[in-house]
Amino acid sequence: MKPWIKRTLIGLTSVTVLAGGLAACGHRAHYADGPSSPERVAEWRGKAVDRVTRKLDLTAEQRQKLELLADKLIAQRSAMIGQTPNPRAEMKALVAGEKFDRARALHLLDEKTRALQLTTPEVIAALADFYDGLNPAQQAEVREFLEKRRGWFHRG
């Protein structure tokens, strides 16, 4: 194939993927209202636990450990959000005036850091209990999944 045709096709494919990605993200406007409702979070939790249970073929005991991990993660998420009904509004308030509100930003940072320091040991313990409770084949599947899932900006 001629180089210019190859470059054109790659360019068109890239533009199509980018446009598709933006279109897929465009419908998420309902998240701008603030944190998801507890019902919505419970729905996501249930779907995630069911999916992992199916993928790893978990026993009842392993599923209990996974559910405990999910509960700890949700508790950590709630602690990070705090009592604020709209975290985005808090972030917008930092730049609402002529000057960036440094004191408020540092206060928010301290708040979030404290929440992480308090909840992370429990999350780590729950994750370790879950992972240690898996058999070697299941652990290998988890490692394989993590190897494949490299994140949004991974190159190569």
Side-chain angles (χ1 to χ4, degrees), residues 13-56 58 61-136 138-156:
T13 303
S14 299
V15 169
T16 303
V17 169
L18 179 62
L22 291 174
C25 293
H27 76 283
R28 300 176 75 98
H30 62 278
Y31 296 117
D33 300 336
S36 298
S37 69
E39 295 81 22
R40 183 73 181 206
V41 172
E43 178 186 335
W44 290 334
R45 177 199 176 277
K47 287 180 181 180
V49 167
D50 289 343
R51 183 171 184 223
V52 172
T53 299
R54 275 193 324 274
K55 292 266 185 192
L56 294 177
L58 299 179
E61 183 182 340
Q62 290 170 328
R63 183 182 171 107
Q64 282 180 325
K65 289 179 181 181
L66 177 62
E67 288 176 346
L68 178 64
L69 173 60
D71 291 340
K72 295 294 182 186
L73 287 168
I74 289 170
Q76 184 178 49
R77 176 186 177 277
S78 296
M80 284 294 295
I81 291 171
Q83 300 301 315
T84 306
N86 190 345
R88 282 205 172 104
E90 264 192 53
M91 294 303 293
K92 286 179 182 178
L94 296 176
V95 294
E98 278 188 39
K99 300 273 187 183
F100 183 81
D101 190 349
R102 295 169 194 236
R104 180 68 187 143
L106 289 172
H107 176 74
L108 281 173
L109 176 65
D110 288 341
E111 211 175 86
K112 304 307 177 191
T113 303
R114 262 193 315 277
L116 276 177
Q117 288 173 336
L118 291 173
T119 58
T120 299
E122 292 177 2
V123 171
I124 290 172
L127 178 58
D129 289 344
F130 170 69
Y131 184 79
D132 293 345
L134 297 175
N135 65 42
Q138 291 168 323
Q139 289 177 350
E141 283 186 60
V142 170
R143 286 190 297 270
E144 183 181 323
F145 172 78
L146 291 173
E147 183 63 31
K148 286 180 183 175
R149 188 171 176 105
R150 294 185 177 168
W152 285 89
F153 302 107
H154 179 75
R155 303 212 182 246

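Sequential numbering from 1 along the given sequence is applied to the chain's residues. In this text, all values refer to a predicted model and were calculated from it rather than measured experimentally.
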What pair of heavy atoms forms the shortest contact from [X] to [Y], and how long is it?
X	Y	value
Ala115	Ala79	CB-O, 3.5 Å
Gln139	Asp132	NE2-CA, 4.1 Å
Val49	Ala70	CG2-CB, 4.0 Å

If I take atom [atom1] from residue [X] and atom [atom2] from residue [Y], how far apart are they, to the nearest 0.5 angstrom?
X	Y	atom1	atom2	answer
Lys65	Leu134	NZ	CG	8.5 Å
Thr119	Ile124	OG1	CD1	9.5 Å
Tyr131	Leu69	OH	CG	13.5 Å
Glu67	Leu58	CD	CG	10.0 Å
His107	Leu94	NE2	CG	11.0 Å
Glu61	Phe130	CD	CZ	11.5 Å

May I ask you to test the [X]-[Y] pair for a side-chain heavy-atom distance under 4.5 Å?
X	Y	answer
Thr120	Lys72	no
Thr53	Gln62	no
Leu116	Gln76	yes
Met91	Leu108	yes

Answer yes or no: are there more than 12 heavy-atom neighbours, outside Met80 itself, under 6.0 Å from its atom CE?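 Counting other residues, nucleotides and ligands, CE of Met80 exceeds 12 neighbours.
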Is a side-chain donor or acceptor of Glu141 paired with a backbone partner of Leu56 at a separation under 3.5 angstrom?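 Here the side-chain-to-backbone pair does not exist.
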Can you tell me which residue pairs pass the salt bridge (Lys or Arg N to Asp or Glu O under 4.0 Å) test with a partner in residues 100-114, sequence neighbours excluded?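 Of all non-adjacent pairs touching residues 100-114, those that pass salt bridge (Lys or Arg N to Asp or Glu O under 4.0 Å) are Glu90-Arg104.
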Less than 4.0 angstrom from a charged side-chain N to a carboxylate O is my criterion; do Lys148 and Glu144 meet it?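 Counted as a salt bridge, because a side-chain N and a carboxylate O are separated by less than 4.0 Å.
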